[in-house]
Amino acid sequence: MMPAARESLLDAAYAALARRPWAAVRMVDVAAAAGVSRQTLYNEFGSKEGLARALVRREADGYLAGVERALGSHAEARERLTATAEWMAVAGRENVLVRAMLTGCWSERLPSPTLSAVPSSSAVPAQRRADGPLPSPGDFVQIVRDRAVAVLSGAGAGKGNGELARSCELVVRLALSCVAAPPGEGGVAELVRGALYRQPV
């Protein structure tokens with residue numbers, strides 16, 4: 001199956017989830033919306049659980065790709081961290097699956113695949129990856145913190161890696177708090193700049 005067809009199926013599943021609870025999403029409707037047969041859908045994902053895992057994996061990957069873009073969006077370290085925090089908050093606000101992954105709060109409307117790896121007999125490499133372990137909220141903190149440290153230390157940020165890691169983790173956790181409880185006027189950027197003002201990066 002072409003990767004584009006897999007993406008179309010995942011798009012159709014995400015669109016269906018926006019309209020109804022995951023329990024009411026039918027595989028036949030996802031296949032029809034993507035313009036493929038139900039058998040093609042099962043060949044690609046194996047089951048509805050496999051489709052759920054693939055959908056969550058894709059949204060996690062998209063979120064982390066956005067983190068990468070934000071970390072590369074400015075020359076100055078503080079602004080890179082501010083842009084990253086803003087991306088995290090926006091992604092968590094706009095994408096229900098990202099919000100659930102970041103907070104660990106899976107509503108009854110959402111699929112809630114187990115985070116541990118599941119046995120995979122799939123011949124599809126992307127599905128074998130989706131059947132592997134999915135990131136927990138703590139994993140996301142560590143992944144984003146470590147990526148920020150790697151980017152900023154490579155960019156010549158002026159502090160030791162221990163201090164830099166603490167500053168990056170502070171920003172990540174501050175951004176996550178804004179996903180759970182959106183900030184008021186001034187938003188995430190003001191909070192992050194205030195926190196980093198006394199913590200030179």
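- Residues Ala189 and Glu86 share a closest heavy-atom pair of CB-OE2, 3.3 Å.
- Using a 4.0 Å cut-off between charged nitrogen and carboxylate oxygen, Glu94 and Arg99 do not count as a salt-bridge pair.
- Side-chain contact, Thr40 with Asn43: no donor N or O sits under 3.5 Å from an acceptor N or O.
- Side chain to side chain, Thr114 and Ser116 meet the donor-acceptor criterion of an N or O pair below 3.5 Å.
- Across all their heavy atoms, Arg6 and Ala130 have their closest contact at NH2-CB, 4.5 Å.
- The closest side-chain donor-acceptor pair between Arg53 and Gln127, if any, does not fall under 3.5 angstrom.
- For Arg173, the CZ atom counts as loosely surrounded, since its 6.0 Å shell holds 12 or fewer non-hydrogen atoms of other residues, nucleotides or ligands.
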Next on the checklist: Pair Ser8, Asp11 - check side-chain hydrogen bond (donor to acceptor under 3.5 Å, both in side chains), show working.
Outcome noted: CA-CA 5 Å; Ser8 294; Asp11 289 343; 5.3 Å; no
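- Looking at Leu191 and Cys178, their side chains come closer than 4.5 Å, going by heavy atoms from C-beta outward.
- Inter-residue side-chain proximity for Tyr14 and Glu59 is flagged as met; some heavy-atom pair is nearer than 4.5 Å.
- For Glu76 and Arg80, the salt-bridge test fails: no basic side-chain N is under 4.0 Å from an acidic carboxylate O.
- A heavy-atom distance below 4.5 Å is not found between the side chains of Pro21 and Glu108.
- Hydrophobic clustering, with ILVMFWY side chains joined whenever heavy atoms are under 4.5 angstrom apart, keeps Leu10 apart from Val124.
- Remark: Arg69 is positioned above the aromatic ring of Trp87, its terminal NZ or CZ atom under 6.0 angstrom from the ring centre and at most 45 degrees off the axis.
- Atom CG of Leu164 and atom CZ of Arg145 lie 10.5 Å apart (nearest 0.5 Å).
- Within a 6.0 Å radius of CZ in Arg26, other residues, nucleotides and ligands contribute 12 heavy atoms or fewer.
- When atom types are taken as modelled, the side chain of Arg128 and the backbone of Ser121 share no donor-acceptor pair closer than 3.5 angstrom.
- Rounding to the nearest 0.5 angstrom, the gap separating the CG atom in Leu55 from the CH2 atom in Trp22 is 5.5 Å.
- Leu51 and Leu134 end up in the same hydrophobic cluster when Ile, Leu, Val, Met, Phe, Trp and Tyr side chains are linked at under 4.5 Å.
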Next on the checklist: Quick one, Arg58 with Glu7, criterion side chain to side chain contact (heavy atoms under 4.5 Å, CB included). Give me CA distance, side-chain angles, the key distance, then yes/no.
Outcome noted: CA-CA 9 Å; Arg58 181 183 76 163; Glu7 283 301 304; 2.9 Å; yes
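- Closest non-hydrogen pair, Gly104 versus Pro137, comes out as N-CG, 3.6 Å.
- Electrostatic pairing of Asp61 and Arg129 counts as a salt bridge here, judged by a charged N lying under 4.0 Å from a carboxylate O.
- Both Val30 and Tyr42 are assigned to one and the same hydrophobic cluster, defined by single-linkage of ILVMFWY side chains at heavy-atom distances under 4.5 Å.
- Val179 and Trp106 end up in the same hydrophobic cluster when Ile, Leu, Val, Met, Phe, Trp and Tyr side chains are linked at under 4.5 Å.
- Listed for the Arg57 side chain is no donor-acceptor partner under 3.5 Å among the backbone atoms of Asp131.
- With rounding to the nearest 0.5 Å, the separation of CG in Leu176 from CD in Glu169 is 10.0 Å.
- Of the options Val144, Asp146, Leu152, a side-chain contact (heavy atoms from CB on, under 4.5 Å) to Cys168 is made by Leu152 and by none of the others.
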Checklist entry - What's the verdict on side chain to side chain contact (heavy atoms under 4.5 Å, CB included) for Thr84 and Val192, showing C-alpha distance, side-chain angles and the deciding distance? => result CA-CA 10 Å; Thr84 302; Val192 170; over 6 Å; no
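- A pairwise comparison of heavy atoms in Ala83 and Ser73 identifies CB-OG, 3.5 Å as the closest pair.
- Using a 4.5 Å heavy-atom threshold, the side chains of Phe140 and Val172 count as separate.
- Nearest approach of Val149 to Ala165, heavy atoms of both residues: CG2-CA, 3.5 Å.
- With a 4.5 Å cut-off on side-chain heavy atoms, Leu17 and Leu97 count as touching.
- Under a hydrophobic clustering in which Ile, Leu, Val, Met, Phe, Trp and Tyr are joined whenever their side-chain heavy atoms come within less than 4.5 Å, directly or via other members, Leu110 and Val118 fall into different clusters.
- For the atom pair CZ of Arg78 and OG of Ser167, the computed distance is 9.0 Å after rounding to the nearest 0.5 Å.
- Taking the side chain as every heavy atom from C-beta outward, Tyr63 and Leu102 approach each other to under 4.5 Å.
- Rounded to the nearest 0.5 Å, atoms CD (Glu79) and CZ (Arg193) are 4.5 Å apart.
- Of all the heavy atoms in Leu9 and Ala31, the pair that sits closest is CD2-CA, 4.0 Å.
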